[in-house]
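Letters A, B, ... are given to chains in the order of the sequence lines, protein chains preceding strands, and every chain is numbered from 1.
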Amino acid sequence: MLERKIQKRREGLPELPNLDGRKPVLRFAPNPNGHLSFGHSRGLVINGQYAKELGGELILRFDDTDTTVKPPMMAAYDSIPKQQEWLCGFPAHRIVIASERMEFYHDHARQMLEGGFGYVCTCSGDDFKEHRVAMTKCPCRDNEISTNLEKWGLMNDPAAYQPGDAVLRVKTDMTLKNPALRDWPAARIQINPHPRVGNKWRVWPLLDFQSAVEDHLQGVTHIIRGKDLMDSTRKQTLLYAHFGWTYPDTIYWGRVKVHEFGVFSTSQMRRDIDAGLFSDWDDPRLPTLAALSRRGIKPDALRAFWIELGLTQKDIAVPLSTLYSHNTKAIDSTSPRLAFIRNPVPLVLTGNLPRKGSITSHPDTDMPTRDYSIDEGVWIEKEDSGKSIRLKDLCDVDKDGNVESIDRSDKRGIIHWVAGGKPSKLTIAAGQDLLVVEGILEDNNHPIGTIVQLERIGYGIVEEDGLLMVHD
RNA sequence: GCUCGUAUAGUGUAGUGGCCCAUCAUGAAGCCCUCUCGAGGCUUCGACCCGGGUUCAAAUCCCGGUACGAGCACCA
């Protein structure tokens, strides 16, 4: 009898290929030239989730080998592990800092030269480009091993080669179909001091070399990264073949665009913050993890969001509302209700009504109630004035504030109101702008950081000087 | 130019030859519930890029086209 294959909708992340019972070792390797952003959270969530679900390990690696274009920011070495733990819910199993492992990279560079599968190239970038396009060997390619070793010494000698004079190349094949793979560069000279190790080294590995060597040293089993790095995989596979190593299984994802965030690069944000365009890395307009956290976005929501997007190689554009929808699920049941009146106008109440009382803080949970005390009347939003309304949890009134009924008597609109209260403001990050809405906030003693639901408006988080909009 | 990759509802996503006149989420519309324009419940709307081919059978395999994206840095 034939068994019928039953297919079900796959839940969560797809299986990791070629696991063969192994515990996976995964890594996430940001450049500490700034704090973590929304974009980084994908790598953290996906790699972290696999490590967690499969009992494997997550390595957090600082790829800080560029002191020129993307100079490391010392504060990031502290903030990144913290934010990683906040996001993943557990600390990384290992932390690796590339700039402190330079011996290993230099050692492998030397092995490459000695093994004859690497060479020091003194051609200019433009000259080499011509060879790459023409599929011809550059003059340095056929140098003896001894010559290469000697030139390697000159690269490391402050009195000899200077930045731009020479690079270390991996010997692949100049006739490879893919131009990106032809004798790719593995290391170059940099003389800007590194904030962690100063001028101890002057030849620094490039990503494809450093990452490849480190992945092998750390026993990484699976690499999950953007498909823009597909050629990196191919380059590194060529290098692994030279060393006789086996390349990890690799999975790619496509590009994600979030319209609301526009285009931000870590370098650009760093400049803009320094220039005073943003208050700091947690400015609510920024797509940083610090800002998202400040804005009341929960790590659970971020995790659910990325896991739902999965690992397709499609380039996608997602609206933030999807993330917000996950966040609402994460916060609604614990967010006390509170009233905030925009464009407040007073409404004098006449007639009989309970002038003092308490109302519920959440429809579904038994949170402490809110007490109110009404003297003359209440504040309502201007848009709600001038018509018969029901003051939520209080009474029905006509347009002039005459109490018509304590119980709800008809289908008139139910609005929120504030008795007493104090002036406050609600700050809303709207793209590049920060909108500030003035209003009257219901009296409360929620501590800073509490996420509340502003009735009929949306969620807000309590800050020192008012409320910050979470989302609606 | 060369190389590589991707194409399922508005947006994401499941689906690896028959279960698919296609899954789930989100979105929109409507209803129910609820003294919030929130949450929850229900209903409805809405898609396999195009053209060939293979096959009894194709979203799924092959070929061609088109569109979009990425790499070809002494960035990561």
**Message:** I want to check one thing: is the phosphate of B:C74, taken as OP1 and OP2, less than 4.0 Å away from some side-chain N or O of A:Thr68?
**Reply:** no
**Message:** At 4.0 Å (heavy atoms only), tell me whether A:Ile316 reaches a base, stays on the sugar-phosphate, or touches nothing.
**Reply:** sugar-phosphate
**Message:** It should be established whether A:Arg255 places a side-chain nitrogen or oxygen under 4.0 Å from OP1 or OP2 of nucleotide B:A70.
**Reply:** yes
**A:Tyr50 side-chain N/O to A:Ile224 backbone N/O, donor-acceptor pair under 3.5 Å** = no
**Residues which pass ring pair (Phe, Tyr, Trp, His ring centres under 6.0 Å) with A:Trp253, listed by chain and number, not counting sequence neighbours** = none
**Message:** Could you check whether any side-chain N or O of A:Arg270 sits under 3.5 Å from a backbone N or O of A:Asn33, counting only pairs where one atom can act as donor and the other as acceptor?
**Reply:** yes
**Request:** Identify which nucleotide among B:C2, B:A25, B:U6 has an atom closest to any side-chain atom of A:Pro179, counting heavy atoms from C-beta outward.
**Result:** B:C2
**Prompt:** For A:Asn178 and A:Asp231, does a side-chain donor sit closer than 3.5 Å to a side-chain acceptor?
**Reply:** yes
**Prompt:** Is the shortest side-chain N/O distance from A:Lys411 to OP1 or OP2 of B:C35 below 4.0 Å?
**Reply:** no
**Message:** Starting the side chain at C-beta, find the nucleotide from B:A39, B:C4, B:U3 nearest to A:Thr328.
**Reply:** B:A39
**Complete:** Ranking B:C74, B:G12, B:A7 by distance to the side chain of A:Lys314, first place goes to B:A7
**ring pair (Phe, Tyr, Trp, His ring centres under 6.0 Å) involving A:His326 - partner list, sequence neighbours excluded** = none
**Request:** Can you tell me which stems RNA chain B forms, taking runs of 3 or more consecutive Watson-Crick or G-U pairs with both distances under 3.5 Å?
**Result:** B:1-7 with B:66-72, B:10-12 with B:24-26, B:27-32 with B:40-45, B:49-53 with B:61-65
**Request:** Quick one: label A:Gly125 by what it contacts on the DNA or RNA (base, sugar-phosphate, nothing), any heavy atom closer than 4.0 Å.
**Result:** base
**Phosphate OP1/OP2 of B:G71 contacted by A:Ser232 side-chain N/O (<4.0 Å)** = no
**Request:** Nearest-nucleotide wise, let me know which of A:Leu309 and A:Arg337 is further upstream toward the 5' end of RNA chain B.
**Result:** A:Leu309
**Item:** Main-chain N/O of A:Leu353 paired to A:Arg355 side chain as donor or acceptor, under 3.5 Å
**Value:** no
**Proximal nucleotide (of B:G38, B:G5, B:G71) relative to the A:Gln453 side chain** = B:G38
**Request:** Would you indicate which nucleotide in B:U6, B:A76, B:G12 comes nearest to any side-chain atom of A:Val318?
**Result:** B:G12
**Asked** Any side-chain heavy atom of A:Val397 sitting closer than 4.5 Å to one from A:Ser388?
**Response** no
**Message:** As a test of reading the structure: which of B:C74, B:G38, B:C35 is closest to the side chain of A:Asp364, going by heavy atoms?
**Reply:** B:G38
**Request:** Output the single nucleotide from B:U26, B:C35, B:A39 whose closest atom is nearest the side chain of A:Arg408.
**Result:** B:C35
